[in-house]
Amino acid sequence: MKFELTEKHIDEISADFEAIFIVGENLKHKFIKDADQFDFYNYKGDGVLVLPQNRRIYVGIKALKYDAVRLGAAKIWNALKSYKIKSLKIGAYICGCQKLSFSALVEGFVLGAYEFDKYKSVKNSTTLDEIYFCADEYNERELKFAKIRDGIKEAQILADFTNFAKDCVNEIPEIYTPIKMADDARKLADEIPNLECEIYDENFLREQNMNAFLAVNRSSALPPRLIHLRYKPQQNALKKIALVGKGLTYDSGGLSLKPSDYMLTMKSDKSGAISAMSIIATAAKLNLPFEIHAVLGASENMIGGNSYKPDDVLISRSGVTIEVRNTDAEGRLVLADCLSYAQDLNPDLIIDFATLTGACVVGLGEFTSAIMGNNEDLKREFKELSAPSGELFTILEFNDYLRDLIKSNIADVSNTASSRYGGSITAGLFLDKFIKEDFKDKWLHLDIAGPAYLEKAWGYNQIGATGAAIRAVIYYLKALAKPSCGCDKKGA
Ligand code: BES
Ligand code: ZN
Ligand code: ZN
């Protein structure tokens, strides 16, 4: 999809269709050109009205906020995708102190238009490909044209990498193996300046005493990979950040086998690693002022004569011993060793990403991810600064009663809790066991099990992978890089 920003007035642009936003119930705006031709009453709220004879589409959005704009763009796309048109134009829109954000529009169009049709014999044939934004209104208000253009470019990079992540997660487990993930990481490093990649195999894991990670991999016919991507900015880095991702290319549950209904969709158990990989690639492309490391633990969790077992005790990389009580709680084992590895990089901030618990989906629903950690300010800061991304997060609090539930009689910690309640937090508390004292306040755990993979479409997300946490982290990092700029918040 091509986006072009012009300083011309909307009426001077020739395009096959024009899209016009109606914000709230502002039906008097000067851009509304067909007021006499539609029933205002039906139009209230957030509907779409297509007037093919006039070559115009109206879309109602609740407010001029980023996420409403993304949703509006996705609705325009869905309403027009079957029309044989090539181009669309959209004018600037200012309402009080808020303006229509072209970058949110770009995100809405690119994310909303995504389809995974690799395995469909009949592909979609949408012809709409050129979108013109007319910034003449903004020029009158002295908003910088170059800045808007940069925002559009950055939004496109972010949305393209989010769609790349969706492609990876949607890919079938037969093809998307740990080796394929490593190949993709290497390809990104080859393509993006300042991004480097080291791939480690099982021999390295053995040398590093990553026995928890290795135990999960043991029953798989496919070897594991530890993928370490590194991005160093051209300018001085404000912070060193480690992203750690759960990369289970398939989670059958292992010997504690999942029932068939629950096994289905478990190709998505690599979402955390894929999000971490896409975040570092986006940050490198945007040249964000942080040194970033992405540490991805890639393996399958399968079943076989050589499987690790409930009753095993594993000696993890950090030396903390783990009683295995359920082989389906495998993500935390892989992450335990990867988190230990990541702390040796001495980062200022560690964020891990994982489709870690079914309990998180039960508790928070399919729309919301969980934020956990020991630092109240850090959790709050992440939630607030990532909010304009449109991704939803809830903070889940640790407490010592829940901490007691993962005590083991035979080892330092058990990989499952002794109660079936509070499963997301006890999983977070398990990870906390592997965070050293110096890093306790520098760590965030994001459980993305709900929104990472959808069985029903919502918002501008399709069925299947969504690229969960990618936009949230990029918005967060951009806000950290520019702490004095409050303007993003206004549009949120
Ligand atoms: N990958 C799953 C968690 C999951 C479930 C993600 C559903 C997305 C949707 C994880 O490895 C798992 O199986 N966790 C178990 C933990 C339990 C055995 C303590 C779970 O949530 O049931
Ligand atoms: Zn599992
Ligand atoms: Zn899993």
Side-chain angles (χ1 to χ4, degrees), residues 169-170 173 176 178 212-213 215-220 224 244-275 296-303 307-312 322-336 338 352-370 372 396 402 405-408 413-431 433 445-456 463-466 468-469:
V169 173
N170 284 328
Y176 215 98
F213 187 163
V216 172
N217 179 255
R218 232 161 56 196
S219 58
S220 170
V244 177
K246 170 177 173 182
L248 267 288
T249 60
Y250 203 72
D251 180 12
S252 72
L255 286 180
S256 314
L257 194 63
K258 285 182 186 291
S260 336
D261 285 358
Y262 288 77
M263 205 183 292
L264 198 63
T265 74
M266 278 302 132
K267 66 174 181 182
S268 66
D269 217 18
K270 56 185 179 296
S271 299
I274 299 293
S275 286
L296 321 179
S299 173
E300 286 184 326
N301 184 25
M302 298 300 283
I303 194 162
S307 295
Y308 80 125
K309 307 167 188 70
D311 279 347
D312 274 340
I322 307 165
E323 177 189 3
V324 177
R325 293 179 70 88
N326 190 317
T327 61
D328 197 12
E330 83 300 333
R332 63 195 78 184
L333 302 177
V334 172
L335 285 179
C338 291
D352 76 68
F353 306 84
T355 46
L356 202 62
T357 61
C360 203
V361 197
V362 174
L364 306 185
E366 279 191 285
F367 313 100
T368 307
S369 294
M372 285 171 249
L396 296 183
L402 287 168
L405 302 180
I406 51 168
K407 283 187 174 157
S408 161
V413 67
S414 163
N415 84 328
T416 56
S418 55
S419 157
R420 56 201 185 92
Y421 305 119
S424 298
I425 303 178
T426 49
L429 285 163
F430 176 92
L431 297 180
K433 269 275 187 195
H445 160 54
L446 304 182
D447 191 335
I448 57 171
Y453 194 86
L454 309 178
E455 295 193 75
K456 240 191 186 161
I463 286 181
T466 66

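Atoms within each ligand, like the ligands themselves, are counted from 1 in listed order.
Taking the Zn ion (ligand 2) as reference, Asp251 places its N/O/S atom OD2 nearest. Closest approach between the Zn ion (ligand 2) and any N/O/S atom of Glu330 involves OE1.
Exactly one residue among Asn217, Leu255, Val324 makes a side-chain contact (heavy atoms from CB on, under 4.5 Å) with Tyr308. That residue is Val324.
Atom 21 (O) of ligand 1 has its closest protein heavy atom at Gly358 N, 2.7 Å. Atom 7 (C) of ligand 1 has its closest protein heavy atom at Met266 CE, 3.5 Å. Looking from atom 2 (C) of ligand 1 to the surrounding protein, the closest heavy atom is Asp251 OD2, 3.6 Å. Among all non-hydrogen protein atoms, the one lying nearest atom 16 (C) of ligand 1 is Arg332 NH2, 3.7 Å. Asp328 O, 3.2 Å is the protein heavy atom nearest to atom 12 (C) of ligand 1. The nearest protein atom to atom 10 (C) of ligand 1, hydrogens excluded, is given as Leu356 O, 3.3 Å; this is a heavy-atom distance.
Between the OD2 atom of Asp269 and the NZ atom of Lys246, the angle centred on the Zn ion (ligand 3) amounts to 100° when rounded to 10°.
Side-chain polar atoms of Ser256 and Asp328 form no donor-acceptor pair below 3.5 angstrom.
Side-chain atoms of Ser268 come within 3.5 Å of backbone atoms of Thr265 as a donor-acceptor pair (strictly under, hydrogens ignored). In this structure, Ser424 contributes its side chain and Cys360 its backbone to a donor-acceptor pair below 3.5 Å.
Residue Met263 does not touch ligand 1, judged by heavy-atom distances below 4.0 Å.
The Zn ion (ligand 2) has an N, O or S atom of Asp328 closer than 2.8 Å. Residue contacts to the Zn ion (ligand 3): Ala354 brings no N, O or S atom closer than 2.8 Å.
Counting the atoms of ligand 1 from 1 in the order shown, those under 4.0 Å from a heavy atom of Lys246 are 1 (N), 10 (C), 11 (O).
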